[in-house]
Amino acid sequence: MDFIQTVIWALVALGVLVSFHEYGHFLVARLCGVKVLRFSVGFGRRLVSRYDRHGTEFTLSAIPLGGYVKMLDEREGPVREDELHMAFNRKSVWARMAIVAAGPFANFLLAIVFFWVVFMGGTAGPVPIVQSVEAGSVAARAGLEPGQEIIAVDGESTPTWQALNWQLANRLGDSGTIEFSVRYPDSELEYHMEADIDRWMSGKEVPDPVKEVGLELWTPPITMVLSQVTADSPAESAGLRAGDRIVLTDGRTFDDWGSWSAYVRARPGEEILVEVERDGTSLEIPVVPREVTLESGESVGQIGVLPVAESWPEDKVRTYHYGVGGAFAKGLQETWEKTLFTLNSLKKLLLGQLSTKNLSGPITIAKVAGSSAEAGWQSFLSLLALLSISLGVLNLLPIPVLDGGHLLYYGIEAIKGSPVSERVQMIGLQVGMAVVLGIMGLALYNDILRL
């Protein structure tokens with residue numbers, strides 16, 4: 001069922017983004033007087049189709065991995081004399097550029113709308129307070145200490161965990177100096193600390209900026225009381241129940257859930273004796289952790305329980321509420337910042353500052369879409385906004401086959417006063433196709449390695 005839900009949410013995400021992208025082309029083509037022959041969501045065999053009063057065929061096709069808008073064009077077949085004025089190739093270079101650019105522009109507009117809706121619903125996030133600092137890490141070299149609140153990175157405000165993570169992610173692959181601005185609780189004094197970095201996390205496949213910088217952020221304490229016992233798990237089979245408080249394990253006491261969990265994970269297939277307190281009574285329950293293989297290949301033990309976590313104190317969470325105008329302004333800002341982040345990441349990939357293992361394909365996108373949908377509508381819309389920005393940016397790259405490649409040709413035509421020769425366009429098409437297929441193949445290969 002999880003697999004089916006993941007596929008459904010991935011298709012929803014892809015369908016929305018592709019449809020809006022193609023609708024951008026479609027709408028501006030109509031406004032420029034170009035006859036649109038077909039608007040298709042998906043490729044291949046047409047499953048469902050209908051015609052509108054303008055003669056445009058709207059179709060849903062069998063392969064849901066994209067879409068296209070087919071316009072009347074003399075380069076693709078004969079055009080009736082009375083329809084020549086509606087052919088794409090007969091329009092001015094500026095009209096053709098507008099039609100091509102409309103697809104990526106639609107994706108940026110969609111991202112703004114999604115972020116606008118998210119911010120109108122209000123947002124909240126934990127305050128980034130240092131709980132511990134890893135010895136020898138970037139954070140340790142900068143002088144960060146437990147109890148400090150990180151209020152900015154490189155002068156950019158970090159009011160929440162998410163903001164901190166994004167600001168650190170901006171420095172992936174960089175060399176130079178990273179600056180932290182911090183303050184202590186109940187103090188308005190700010191302290192600025194620096195540390196040198198050299199190609200920071202450039203080789204990491206799936207970087208975790210907060211962890212890699214050497215920080216563990218404050219979270220509410222986790223009790224040794226079970227909140228949930230997974231069905232058909234070793235814990236349920238052994239007789240553990242929600243509400244049980246773990247007192248001893250193999251005769252040892254554990255002060256925190258992390259150390260107890262590590263003890264269990266280190267013993268796959270080995271029987272451990274868990275002493276719990278239930279309704280004032282002490283019980284000893286033998287449990288054999290199930291062996292589970294992680295994506296890294298490591299085998300760990302799991303028994304299928306979750307602990308009770310204390311609720312977040314109000315002073316450790318920041319909540320933001322926006323009006324309609326404020327939410328729209330915030331949506332614009334978020335779209336702009338994420339667009340710059342995407343462009344910066346692409347630059348670092350090209351310069352070798354980031355590993356190509358960071359490229360993700362449809363499998364990873366599907367998994368993320370499914371998990372974000374489970375996390376709630378705000379999480380799903382935020383993901384759609386980020387994917388829409390990525391789609392818009394990638395399509396604007398000056399690679400023939402993509403919208404950016406067409407814009408490059410039309411830009412040259414506007415300057416020199418005549419179209420780029422068909423021979424050059426054909427060569428560009430072949431090179432562009434090879435580049436795009438190579439990138440797609442690498443992304444899919446990375447996806448498979450992560451399975």
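Keep in mind it's a predicted model, so treat the numbers as computed, not measured.
When atom types are taken as modelled, the side chain of Glu83 and the backbone of Arg80 share no donor-acceptor pair closer than 3.5 angstrom. Here the side chain of Gln378 pairs a donor or acceptor atom with the backbone of Val118 at under 3.5 angstrom. Between the side chain of Asp73 and the backbone N or O of Arg75, at least one donor-acceptor pair lies under 3.5 Å. Using a distance-only test at 3.5 Å, with no hydrogens or angles considered, no donor-acceptor pair links the side chain of Lys348 to the main chain of Leu343. The main-chain N or O of Ser61 is never found under 3.5 Å from a side-chain atom of Thr59 such that the two would form a donor-acceptor pair. Side chain of Thr160 to backbone of Val127: no donor-acceptor contact under 3.5 angstrom is found.
In summary, of the residues considered (Arg46, Arg50, Lys70), a salt bridge (charged side-chain N to carboxylate O under 4.0 Å, His left out) with Glu57 occurs for Arg46 alone. When each of Asn89, Leu37, Val34 is checked for a side chain to side chain contact (heavy atoms under 4.5 Å, CB included) with Met71, only Val34 meets the rule.
Side-chain contact between Trp336 and Leu340 is present, with at least one heavy-atom pair separated by less than 4.5 Å. Leu144 places a side-chain heavy atom less than 4.5 Å from the side chain of Met193. Counting only heavy atoms from C-beta outward, the side chains of Ile439 and Leu394 never approach each other to under 4.5 Å. Residues Leu387 and Leu383 meet the side-chain proximity criterion, which asks for heavy atoms closer than 4.5 Å. Taking the side chain as every heavy atom from C-beta outward, Arg183 and Glu188 approach each other to under 4.5 Å. The shortest side-chain heavy-atom distance between Phe180 and Val153 falls under the 4.5 Å cut-off. Residues Cys32 and Ile99 are in side-chain contact: their nearest non-hydrogen atoms beyond the backbone lie under 4.5 Å apart. Between Tyr68 and Arg38 the shortest side-chain heavy-atom distance falls below 4.5 Å.
When the shell of 6.0 Å around CG of Asp232 is examined, it contains 12 or fewer heavy atoms from other residues, nucleotides or ligands. Heavy atoms of other residues, nucleotides or ligands lying less than 6.0 angstrom from CZ of Phe105 number 12 at most. Residue-environment remark: CH2 (Trp377) exceeds the threshold of 12 foreign heavy atoms within 6.0 Å. Counting non-hydrogen atoms of neighbouring residues, nucleotides and ligands closer than 6.0 angstrom, the CH2 atom of Trp312 exceeds 12 such neighbours. Applying the 6.0 Å contact sphere to CD of Glu179 captures more than 12 heavy atoms from other residues, nucleotides or ligands. Counting heavy-atom neighbours within 6.0 Å of Tyr23 OH, excluding the residue itself, gives a total of 12 or less.
When all heavy atoms of Gly428 and Pro400 are compared, the closest pair comes out as O-CB, 3.1 Å. Between Val393 and Thr339, the shortest heavy-atom distance links the atoms CG2-CG2, 3.9 Å. Pairing each heavy atom of Thr219 with each of Gln131, the nearest pair is N-OE1, 3.4 Å. Thr158 and Ile150 make their closest contact through OG1-O, 3.0 Å (heavy atoms, listed as atom of the first residue, atom of the second, distance). Considering all non-hydrogen atoms of both residues, Pro185 and Gly147 come closest at CD-O, 3.3 Å. Minimum heavy-atom separation, Ala163 to Ser157: CB-O, 4.2 Å.
In this structure, Asn165 CG and Asn170 CG are separated by 10.5 Å, a value rounded to the nearest 0.5 Å. Between atom CG of residue Leu109 and atom OG1 of residue Thr335 there is a gap of 9.0 Å, rounded to the nearest 0.5 Å. Interatomic distance, Ser388 OG to Phe108 CZ, rounded to the nearest 0.5 Å: 8.0 Å. For the atom pair CZ of Arg141 and CD of Glu194, the computed distance is 12.5 Å after rounding to the nearest 0.5 Å. The distance from the CG atom of Leu384 to the CG atom of Leu391 is 11.5 Å, given to the nearest 0.5 Å. Interatomic distance, CG of Leu110 versus OG of Ser19, reported as 10.0 Å (0.5 Å rounding).
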Start with the C-alpha gap between Trp200 and Val213, add the side-chain angles, then the distance that decides, and say whether side chain to side chain contact (heavy atoms under 4.5 Å, CB included) holds.
CA-CA 9 Å; Trp200 185 52; Val213 84; 3.7 Å; yes
Run Glu74 and Leu84 through side chain to side chain contact (heavy atoms under 4.5 Å, CB included) and show every step you take.
CA-CA 8 Å; Glu74 290 178 283; Leu84 283 175; 3.4 Å; yes
Show the numbers, then the answer: is there a side chain to side chain contact (heavy atoms under 4.5 Å, CB included) between Leu215 and Val133?
CA-CA 5 Å; Leu215 291 172; Val133 179; 4.2 Å; yes
Between Glu337 and Trp166, does the side chain to side chain contact (heavy atoms under 4.5 Å, CB included) criterion hold? Intermediate values first, please.
CA-CA 10 Å; Glu337 290 177 354; Trp166 275 109; over 6 Å; no
Just do the side-chain hydrogen bond (donor to acceptor under 3.5 Å, both in side chains) check on Glu190 and Ser181 with the steps written out, would you?
CA-CA 6 Å; Glu190 295 183 11; Ser181 299; 5.2 Å; no
Between Phe20 and Phe114, is the ring-ring contact (aromatic ring centres under 6.0 Å, His included) condition met? List the steps.
CA-CA 12 Å; Phe20 211 78; Phe114 282 151; 8.0 Å; no
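Below 30°, between 30° and 60°, or above 60°: for His21 and His25 the angle between ring planes is above 60°, a perpendicular geometry. Ring planes of Tyr184 and Tyr191: perpendicular class, angle over 60° (limits at 30 and 60°). Relative ring orientation between Tyr320 and Tyr322 is described as parallel, the plane-to-plane angle staying below 30° on a 0-90° scale split at 30° and 60°.
Scanning for side chain to side chain donor-acceptor pair (under 3.5 Å) contacts around Thr56 gives Arg30, with sequence neighbours left out. Applying the side-chain contact (heavy atoms from CB on, under 4.5 Å) test to Leu14 and every residue at least two apart in sequence or in another chain returns Val18, Leu65. For Arg45, there are no side chain to side chain donor-acceptor pair (under 3.5 Å) partners, not counting sequence neighbours.
The stretch residues 96-116 participates, sequence neighbours left out, in these salt bridge (charged side-chain N to carboxylate O under 4.0 Å, His left out) pairs: Arg96-Glu413. Screening residues 433-444 for salt bridge (charged side-chain N to carboxylate O under 4.0 Å, His left out), with sequence neighbours left out, gives no hits. Within the structure, the salt bridge (charged side-chain N to carboxylate O under 4.0 Å, His left out) test picks out the following pairs touching residues 301-322 (sequence neighbours left out): Glu149-Arg318.
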